[in-house]
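If you're wondering where the values come from, they're calculated on a predicted model, not measured in any experiment. Lettering follows sequence order; numbering is per chain, from 1.
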Number of protein chains: 2
Amino acid sequence: MITLALITLFGFNFIRKPKTGQKPGMHKAAIERTNETIAAQLTPVGRETVQDRVYSELRRALIGGLFEPNQVLTIRGLADALVTSTMPVREALGRLITEKALEALPNRSVRVPPITLERIDDLLRARSLIEGEAIALAATRMNPRQIASIEAMLGEWDEMRALKHKKDIDREATLNQSFHFEIYRCCGSAVLIPMIESLWLQSGPCIRVAIYAFSDAGEVDTAHYHRRIVAALAKQDAQAAREALVADISRPFAFLRDKLQSAAAKDQT
Amino acid sequence: MITLALITLFGFNFIRKPKTGQKPGMHKAAIERTNETIAAQLTPVGRETVQDRVYSELRRALIGGLFEPNQVLTIRGLADALVTSTMPVREALGRLITEKALEALPNRSVRVPPITLERIDDLLRARSLIEGEAIALAATRMNPRQIASIEAMLGEWDEMRALKHKKDIDREATLNQSFHFEIYRCCGSAVLIPMIESLWLQSGPCIRVAIYAFSDAGEVDTAHYHRRIVAALAKQDAQAAREALVADISRPFAFLRDKLQSAAAKDQT
DNA sequence: ATTTTTGATTTGTGATCACACTTGCTTTGA
DNA sequence: TCAAAGCAAGTGTGATCACAAATCAAAAAT
């Protein structure tokens, strides 16, 4: 019956005419100019709803691996933790479920998706494909200023590693994320970037498990691979950039894969 | 402050222990057997929430191109049309916005994303990349029974076209969708398929515009390209399948592109 | 006649409540 | 002693309401 209702959709009142695109108040030139100069100095404040904040927070937590795989989340529990009502949380959870960042069980409870071997391989393949394409596109489009920007991040990385003995994993993960997305943002595709974000969201809980284990041996390699990526981008060599990127993101997945397999083998005995 | 609240997340009551996976009632063997025979005959009823139905309906409408680009949708309007309250609709809209199937304007109103040249090229590139990969994977995995299944759909297509003079565009679009997803489902990737669905959702409003215009000249070509795809799959030729698919999905985009460019040129004069 | 202001209507957002379902524990019965 | 029924607490879903912001149309002012 819902189907029937929708067939007769056109002409109903939920269709609002698209805006004409014309600015309505194109009148006194002087006032207009005054407003423009003001607009040039002020940055738009931009409303942010509670739901948006909840959503971003949950995203951050997922990508950062603050939630473990298989962990069950409840609306009221999260609402308490975030100090809001249930409403923004339930909408944010629904959005994360459609992105496959969370999983809706038949009981109607929601949990962080579990890690399986197939899923790991599946995620790695998808990420190599899409992020590889994005970096290949970016390689031909990045200007020297943008290259310099990510090179600066590399420097910041070294500096952080040199100064602090304590491994600040959260900081490192954030920096890694910024490094990658700074590059992807240059690919010029408004379609690919949300897909990459979705993939990071899905692989977040997985790779965090790996990162914790590898901080010592992994760090130097990470810097090495990132340098390779920057070098390829500087030469505008799309193919080399793609390969360096795939090598970079493959490592934690391969590590996790081995760990899972050996765990399964030990479980078998 | 929300950030601080989340940092202290672990150990809170919203973490529920994952289920043990053990069936609790593993007792009298006779009763167990009786229940199993009953279970074998009955199919699980499976709850479907109102929100799910609304979401599916809106998806169907978007992929089918029932909404025009730039069209503004309102929660209450849709709720009236679907004969529910606003609650399921607003959650469904939120989910569609995160998938980029709809667009949230700064006014907090939501609309179908507009068509631009860049967006068309962007969508086509992403679809070629991902659906191409999916079909290449499927080519090496489809068994003869699955091949026969999509061949049967080809036959159904011819039959439909031969019998009806009237172009049943909705039916045709549905069949086209089934044809493609039947193939993609064989690629064995739980990650790629939702991404493809998301891409169809985004390109739905665009390509519908094209399909309306090309039904006459396009139909025979469509059948031709689909046959090429099936032939390549039957030979397990991944590369040929990918090329045939790209050719297939490129046509409506190219058509739309020309139409848009000529419209822009005419607008210029 | 055009622009601005004002007021009424519409719209999205968040909170709260009622209901149905699940879950875990206690009590009952064999 | 142990399985099964019963009960109570907790959870997701949908409806309704209050409020602020946006939109639109008419009235007022220049």
**Request:** Kindly say whether, by distance alone, the side chain of A/Arg90 makes a donor-acceptor pair under 3.5 Å with the base of C/dG14?
**Result:**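 Check fails, no donor-acceptor contact within cut-off.
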**Heavy-atom donor-acceptor pair, B/Arg76 side-chain to C/dG12 base, under 3.5 Å** =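 Check passes, donor-acceptor contact within cut-off.
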**Asked** How does DNA chain D look in dot-bracket notation if pairs are Watson-Crick or G-U with both distances under 3.5 Å, crossing ones as [ ], other-strand ones as |?
**Response** ||||||||||||||||||||||||||||||
**Message:** So that I can tick it off, tell me whether A/Arg119 and A/Asp122 are bridged by a salt bridge, with the cut-off set at under 4.0 angstrom between side-chain N and carboxylate O.
**Reply:**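 No.
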**Message:** Looking only at side-chain N and O atoms, does B/Ser149 offer a donor or acceptor that is under 3.5 Å from a partner on B/Glu182?
**Reply:**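 Per modelled atom types, B/Glu182 and B/Ser149 side chains form a pair under 3.5 Å.
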**Request:** Select base, sugar-phosphate, or nothing to describe what B/Glu91 touches, counting heavy atoms under 4.0 Å on all strands.
**Result:**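 The answer is nothing, as B/Glu91 stays clear of every strand by at least 4.0 Å.
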**Message:** Both A/Ser85 and B/Leu93 contact DNA chain C. Taking the nearest nucleotide for each, which residue is further toward the 5' end?
**Reply:**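 Whichever sits nearer the 5' end wins; that is B/Leu93.
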**Asked** Of A/Pro106 and A/Thr49, whose closest DNA chain C nucleotide lies nearer the 5' terminus?
**Response**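 The 5'-side residue here is A/Thr49.
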Starting at [atom1] of [X] and ending at [atom2] of [N], how long is that distance when rounded to a whole Å?
X: B/Arg108; N: C/dG14; atom1: CZ; atom2: P; answer: 7 Å
X: A/Asn107; N: C/dC21; atom1: CG; atom2: P; answer: 14 Å
X: A/Arg53; N: C/dT13; atom1: CZ; atom2: P; answer: 14 Å

**Prompt:** Angle class for the A/His180/A/Tyr184 ring planes (parallel below 30°, perpendicular above 60°, tilted otherwise)?
**Reply:**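 Tilted: the ring planes of A/His180 and A/Tyr184 meet at 30° to 60°.
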Under 3.5 Å donor-acceptor pairs involving side-chain atoms of residues 190-200 of chain B, not counting sequence neighbours:
| residue | atom | partner | partner atom | Å |
| --- | --- | --- | --- | --- |
| B/Glu197 | OE1 | B/Arg59 | NH2 | 3.3 |
| B/Ser198 | OG | B/Gln202 | NE2 | 3.3 |
| B/Trp200 | NE1 | B/Glu131 | OE2 | 3.1 |

